[in-house]
Amino acid sequence: MEGDLAHIGAGLAAIGSGAAAIGVGNVAGNFLAGALRNPSAAGAQTATLFIGIAFAEALGIFAFLVSLLLMFAV
Amino acid sequence: MEGDLAHIGAGLAAIGSGAAAIGVGNVAGNFLAGALRNPSAAGAQTATLFIGIAFAEALGIFAFLVSLLLMFAV
Amino acid sequence: MEGDLAHIGAGLAAIGSGAAAIGVGNVAGNFLAGALRNPSAAGAQTATLFIGIAFAEALGIFAFLVSLLLMFAV
Amino acid sequence: MEGDLAHIGAGLAAIGSGAAAIGVGNVAGNFLAGALRNPSAAGAQTATLFIGIAFAEALGIFAFLVSLLLMFAV
Amino acid sequence: MEGDLAHIGAGLAAIGSGAAAIGVGNVAGNFLAGALRNPSAAGAQTATLFIGIAFAEALGIFAFLVSLLLMFAV
């Protein structure tokens, strides 16, 4: 058995990256459901869509960052 | 087999960071669903949107903080 | 292989911190969905919103506290 | 490798503490959704809200208690 | 017992890749539900559909990238 325990940690962190996609999908999915019911209001909420995606995506990118740090920096 | 057990802990903590994105997505998704149904009320609830995102995001950033502490401070 | 087993425990506890964000997101998301359907009643339920967030957030902060205790106090 | 296996158990118990927050969020979220649809009935259900939160919160606090016992009493 | 610990990490990272598919499915599923209710508005939201899929897919591809790095580059 060889290898570095940090590589197991990097794999675990990548699960967090994938889990954040559920949150991003929730934001974009609800926007699409609402925009197709009331298309005239969709333009005014585009800013909120990107704010919501950004906050959820940030947490996933933090997890990806931990994964990269564990593979190459620690 | 080499490496530090704290690196496995850092990877586990990053899963928590990703899981918090599901909560953030829930807040932003429900705001978008409601704002597209009743756009005239969206402005008055923007403050609540950011309060909800902040409380959910804080728990994800706590998990990311644990991850950083385990990699660099412990 | 080096390191302290408590560091694996700290990482596991941080998953609990992130999972609590799903509960916080559920409270805030349902408040926003309801407040945008019936904005005139939103003011009267703001206290309930913060009570719900506080109880869910408390459990996430307990998990974060366990994480800090495992890293620095045990 | 040093440390006590009980510290891994304490971390696992903290996941249970966070998972209980999902239940608390479910109770408070559904109360808010209903109270904003029918505000005049919300006052009569406040007692039920706190009963529901208390039962869900209790299970999370039991998990937090297990975590504390594993760290300091066992 | 032989083998490299990085291979366990690569398998764990692939879980993250799969979890991201839940988010992507949420986006595309909500688009289809809305587009079939109101087909005339579907064309205007196609751009939002691809934006939502791209953000969720990116997090899954990050997890796949971690998996490939753990197998071939680390």
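All chains are named by letter (A, B, ...) in the order of the sequence lines, taking the proteins before the strands, and each is independently numbered beginning at 1.
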Within this structure, what is the [atom1]-[atom2] distance for the pair [X] and [Y], rounded to the nearest 0.5 Å?
X       : Y       : atom1 : atom2 : answer
C/Leu68 : B/Leu65 : CG    : CG    : 7.5 Å
C/His7  : B/Ile8  : NE2   : CD1   : 12.5 Å
B/Leu12 : C/Ile15 : CG    : CD1   : 5.0 Å
C/Ile53 : B/Ile51 : CD1   : CD1   : 7.5 Å

Least distance between heavy atoms, [X] atom then [Y] atom:
X       : Y       : answer
C/Ala19 : B/Ala19 : N-CB, 4.4 Å
C/Ala10 : B/Val66 : O-CG1, 3.9 Å
B/Ala63 : C/Ala14 : CB-O, 3.7 Å
C/Gly25 : B/Val27 : CA-CG2, 3.5 Å
C/Ala33 : B/Asn30 : CB-OD1, 4.0 Å
B/Gly52 : C/Ala28 : CA-CB, 3.8 Å

C/Ala6 portion near chain B, given a 4.5 angstrom heavy-atom threshold: neither

Contact origin within C/Ser67 toward chain B - heavy atom pairs under 4.5 Å: side chain

Flag, side chain of B/Asn38 to backbone of C/Leu36, donor-acceptor distance under 3.5 Å: yes

When B/Ile61, B/Ile22, B/Thr48 are compared by non-hydrogen pairs under 4.5 Å with chain C, the top option: B/Thr48

Chain C contacts, top residue of B/Leu5, B/Leu70, B/Asn26 (heavy-atom pairs, under 4.5 Å): B/Leu5

Plane angle bin for C/Phe64 and B/Phe62 - parallel if under 30°, tilted between 30 and 60°, otherwise perpendicular: parallel

Within-4.5 Å side-chain heavy-atom neighbours: B/Phe31 and C/Phe31: no

Atom group of B/Glu2 that falls short of 4.5 Å from chain C, counting heavy atoms: backbone

Contact origin within B/Leu49 toward chain C - heavy atom pairs under 4.5 Å: both

